[in-house]
Amino acid sequence: MRNAFAEEITKISLMDDTITLLSGDIGNRLFDSFKEQNANRFFNCGVAEANMMGVAAGLAASGLRPVVYTITPFTTTRCLEQIKIDACYHNLPITIVGTGSGLAYASLGPTHHSCEDIGILRPFPNITIFCPADPIEMRLGLNLALKKDGPTYIRLGKKGEPNLHKSEPKHFVLGKSNELRSGETVCIITTGTIAANAMAAADQLERCGVSTHVESFHTVKPLDTNSLERLFNKFKTIAILEEHFESSGLYSAVAEWALKKTNVKNRVISFGVPDKFLHHIGSQNYALNHFGLDSDSITKRVLNSLGVA
Amino acid sequence: METLPSLENIASKLRYRVVEHSHRTGTPHLGSCLSCIDILTALYFLEMNVDPSYPNDPSRDRFFLSKGHAAPALFQTLAMRGYFDYSDLLQSKHNGTDFFGEHPPTPEHLPGIEAATGSLGHGLPMATGVALFGKIKNLDFHTFVVVGDGECNEGSIWEALAFASSQKLNRLIIFVDYNKWQATDRSEDVMNGSDFFSRFKSFGCATQEIDGNSISAIVSAIEAAKKITDRPSLILSHTIKGKGISFMENDNNWHYRTPNKIELEKAAFELGIS
């Protein structure tokens with residue numbers, strides 16, 4: 001997905017000369033094409049993320065559209081106050097891009113995991129939180145982010161993520177969920193690249209006779225409550241899947257919505273990272289399996305909850 | 001253009017207004033405000049290319065008060081310079097009003113403000129971004145910043161200096177209001193050490209060291225800084241916290257204390273305000 005991001009931002013930059021790319025000493029060859037085609041619009045800000053975000057705010061206040069790019073924990077947790085004050089409080093058009101989100105860097109240990117980024121950014125007014133399920137959503141969302149007001153956080157995967165949409169969704173907007181797969185019995189609501197596991201689980205569930213709908217809630221903030229109404233009305237059993245701590249991410253956002261309503265009788269199963277750090281090193285798949293976020297685990301728990309062996 | 005005596009006159013008037021505002025509204029950080037009045041005076045009444053009737057002029061010089069708790073000093077300066085009415089600042093501080101509080105608001109709330117500082121370490125990086133914009137677009141404006149010496153505890157200040165010097169942002173001119181105190185201790189004893197000047201020099205700035213309470217020294221330093229073509233300028237300005245009022249000078253109680261009526265009258269007398 002980071003390659004697709006690099007391609008897309010280069011493409012957009014050729015038509016919009018306000019796009020300015022700031023990187024935290026990362027993306028070694030990734031932006032070569034961007035740099036070649038755009039003089040004076042790429043800046044390596046070094047391993048100094050607080051300053052990078054502040055500089056982005058200065059550029060945005062002056063009329064440019066900065067894009068800040070580094071590994072997700074460093075573009076979020078590391079410079080959180082700068083996001084809160086310089087980006088959100090000033091409501092500046094800064095596009096904050098985190099690459100290798102969730103457990104994508106499971107092999108590097110907890111310093112490089114980001115299972116809290118949605119949670120820590122969600123409280124801030126003015127921010128849009130966008131977690132594309134696949135490269136198609138990423139390209140569409142990036143284009144929109146670079147035209148809108150205010151700060152936008154884009155939560156990327158790393159590499160090799162397949163396209164899950166069969167074709168480009170029509171009328172794609174930030175803030176409105178998109179159907180990845182239609183079904184009748186159970187609904188999986190998901191955000192980000194882990195949607196691939198939702199799709200695989202849906203296939204497995206289908207083979208067990210359980211028709212499964214998968215909905216990409218790529219935008220966690222603002223949350224598409226219309227879509228939630230529709231889905232909670234249609235499906236008795238809803239699974240919520242995210243590559244993020246169970247507390248504070250998409251599940252929490254939906255729970256907040258649900259608690260305000262008086263008529264929520266659905267069975268909701270949450271799939272997220274539990275309240276612990278993962279000390280063991282391994283691949284992303286190892287990490288996701290470890291936390292029960294792989295398609296087998298998802299399928300099993302959904303079947304159990306339906307009382308189907 | 002103002003002459004030196006008239007600039008000193010303006011500085012005295014600003015000092016009085018800051019003290020009066022603190023007395024009337026209970027706003028703290030008086031010592032921090034008073035130490036940088038001369039820098040603000042030199043900038044807004046002589047050196048900066050600004051037009052208060054056109055605060056968003058893209059070609060304007062920019063000013064960032066990175067030590068945002070000195071906002072009362074900035075508010076008084078902007079009012080006297082004509083960005084808004086002094087009478088606005090005379091309103092009582094009460095709940096729910098558009099505030100002239102302890103820190104600058106975001107720019108759309110008050111003409112003349114470039115950034116909502118108040119958390120230390122933010123103003124300089126933002127100013128660096130604005131200076132970078134100027135360089136990218138090859139524009140003439142200068143970006144001035146006042147940073148506190150206590151504020152230099154924050155790592156982001158040094159990140160900004162390193163970045164600014166690497167990017168050769170020569171139109172970024174930074175004053176460090178070196179009043180030797182921070183909130184609870186002498187700044188030398190907390191983290192700044194005894195050779196503060198060398199730290200800035202080693203970060204690649206064109207570094208000067210001046211009497212930051214002398215308007216003529218400030219003006220000379222700015223003129224020298226404007227001649228630098230390849231690095232940001234860092235003007236380490238030795239100031240006195242509480243400068244201008246004898247019983248406040250170098251007394252760190254005035255970081256938080258606000259003056260009573262008698263102290264206000266004494267201040268007026270010392271500043272030559274009737």
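The shown structure was predicted, so the numbers you read here are calculated from the model rather than taken from an experiment. Sequence lines set the chain letters: A, B, ... in the order given, protein chains first and strands last, and positions in each chain run from 1.
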Kindly say whether the aromatic ring centers of B:W158 and B:F200 come within a distance under 6.0 Å.
yes
Would you please say whether a donor-acceptor pair under 3.5 Å links the side chains of A:S13 and A:N38?
yes
Residue B:A162 versus chain A: region with a heavy atom under 4.5 Å
neither
Look at the rings of B:Y256 and B:H29 and say which category their plane angle falls in: under 30° parallel, 30 to 60° tilted, over 60° perpendicular.
tilted
Considering the options A:L250, A:I127, A:T128, A:N126, which one meets the side-chain contact (heavy atoms from CB on, under 4.5 Å) requirement together with A:K221?
A:I127
Identify which part of A:L59 has an atom lying under 4.5 Å from any heavy atom of chain B, answering side chain, backbone, both or neither.
both
If one checks every heavy atom of B:A127 against chain A at 4.5 Å, the contacting part turns out to be neither
Sort B:Q167 into side chain, backbone, both or neither according to what part of it lies under 4.5 angstrom from a heavy atom of chain A.
side chain
Would you mind checking which part of A:N44 comes under 4.5 Å of any heavy atom in chain B, side chain (CB onward), backbone (N, CA, C, O), both or neither?
backbone
Would you compute the distance between atom CD of B:E154 and atom OG of B:S66 and round it to the nearest 0.5 angstrom?
9.5 Å
With chain B as the partner, which of A:T20, A:N40, A:V47 has the greatest number of non-hydrogen pairs under 4.5 Å?
A:N40
Region of A:E49 in contact with chain B, defined by heavy-atom distances below 4.5 Å:
backbone
Would you call the rings of B:H69 and B:H255 parallel, tilted or perpendicular if under 30° counts as parallel and over 60° as perpendicular?
tilted
